[in-house]
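Encoded as structure tokens, the structure appears first; notes follow it.
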Amino acid sequence: MSECRLWKHVICQAISDSYLGSAKEKLKVAEWLMSEDYVTCCDMAELRPENLHKLIKEILTSKPVVARYLGERLKKVIQDRGYLY
């Protein structure tokens with residue numbers, strides 16, 4: 001249970017980086033989404049990588065105000081409910 005929470009925090013940090021980070025940090029998040037490490041992290045957090053990938057990609061491609069709103073909302077869902085759709 002606590003390991004799952006840890007991995008959710010890792011994912012939430014990546015989400016924060018996707019809308020608050022520098023261009024370099026955002027690029028790292030985009031690269032991470034394409035890696036096997038991303039899938040493993042989602043599995044450990046008990047989240048569906050396909051759904052999360054689509055949502056983080058939307059954050060990365062949105063305007064800053066919209067990206068912040070989407071990112072905060074997504075983090076809240078992950079932290080409060082612990083699952084995505």
Side-chain angles (χ1 to χ4, degrees):
M1 188 61 136
S2 61
E3 286 179 12
C4 181
R5 221 173 352 175
L6 170 68
W7 289 108
K8 286 179 184 178
H9 284 290
V10 169
I11 292 169
C12 286
Q13 182 61 52
I15 293 167
S16 292
D17 290 347
S18 71
Y19 67 88
L20 293 174
S22 65
K24 186 176 180 178
E25 290 170 321
K26 291 177 183 182
L27 181 60
K28 283 186 176 188
V29 171
E31 290 171 349
W32 179 65
L33 287 176
M34 304 304 290
S35 73
E36 189 62 34
D37 289 340
Y38 164 74
V39 175
T40 301
C41 186
C42 288
D43 288 342
M44 298 298 282
E46 299 177 355
L47 297 172
R48 294 181 181 168
E50 311 83 31
N51 294 349
L52 189 58
H53 182 275
K54 185 170 56 171
L55 295 168
I56 295 174
K57 189 174 178 181
E58 183 178 357
I59 292 167
L60 285 167
T61 58
S62 294
K63 293 183 179 183
V65 173
V66 174
R68 185 177 190 119
Y69 170 78
L70 294 173
E72 292 293 331
R73 197 172 101 203
L74 179 56
K75 288 190 318 183
K76 184 165 178 51
V77 167
I78 290 171
Q79 292 168 346
D80 291 349
R81 296 187 196 124
Y83 59 89
L84 291 174
Y85 312 98

Given I11 and W32, is the side chain to side chain contact (heavy atoms under 4.5 Å, CB included) satisfied, shown in steps?
-> CA-CA 11 Å; I11 292 169; W32 179 65; 4.1 Å; yes
Separation of [Y] [atom2] from [X] [atom1] (nearest 0.5 Å):
X	Y	atom1	atom2	value
K26	I59	NZ	CD1	11.0 Å
E3	E46	CD	CD	10.5 Å
R68	S18	CZ	OG	11.5 Å
I56	L70	CD1	CG	11.5 Å

Answer yes if L6 and V39 sit in the same cluster of Ile, Leu, Val, Met, Phe, Trp and Tyr residues linked by side chain heavy atoms under 4.5 Å apart, and no otherwise.
->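 No, separate clusters.
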If Ile, Leu, Val, Met, Phe, Trp and Tyr residues are connected whenever their side-chain heavy atoms lie under 4.5 Å apart, and connections chain through other members, are L27 and Y38 in the same group?
-> no
Could you give me the CA-CA distance, side-chain angles and deciding distance for E72 and K75, then say whether salt bridge (Lys or Arg N to Asp or Glu O under 4.0 Å) is met?
-> CA-CA 5 Å; E72 292 293 331; K75 288 190 318 183; 3.8 Å; yes
Supply the members, apart from M44, of the Ile/Leu/Val/Met/Phe/Trp/Tyr cluster built from side-chain contacts under 4.5 Å; use none for a lone residue.
-> W7, V10
Mind running side chain to side chain contact (heavy atoms under 4.5 Å, CB included) on R48 and H53 for me, showing each step along the way?
-> CA-CA 9 Å; R48 294 181 181 168; H53 182 275; over 6 Å; no
Could you tell me whether K28 atom NZ has more than 12 heavy atoms of other residues or ligands within 6.0 Å of it?
-> no
Write down the atom of [X], the atom of [Y], and the distance for their closest heavy-atom approach.
X	Y	result
A14	V29	O-CG2, 3.6 Å
S62	A67	CB-N, 3.9 Å
A45	C4	O-SG, 3.4 Å

Side-chain heavy-atom pair R5, Q79 within 4.5 angstrom cut-off = no
Validation row: I15, I78 side chains within 4.5 angstrom (heavy atoms) = yes
Please step through side chain to side chain contact (heavy atoms under 4.5 Å, CB included) for the pair L33 and L52, ending with a clear verdict.
-> CA-CA 9 Å; L33 287 176; L52 189 58; over 6 Å; no
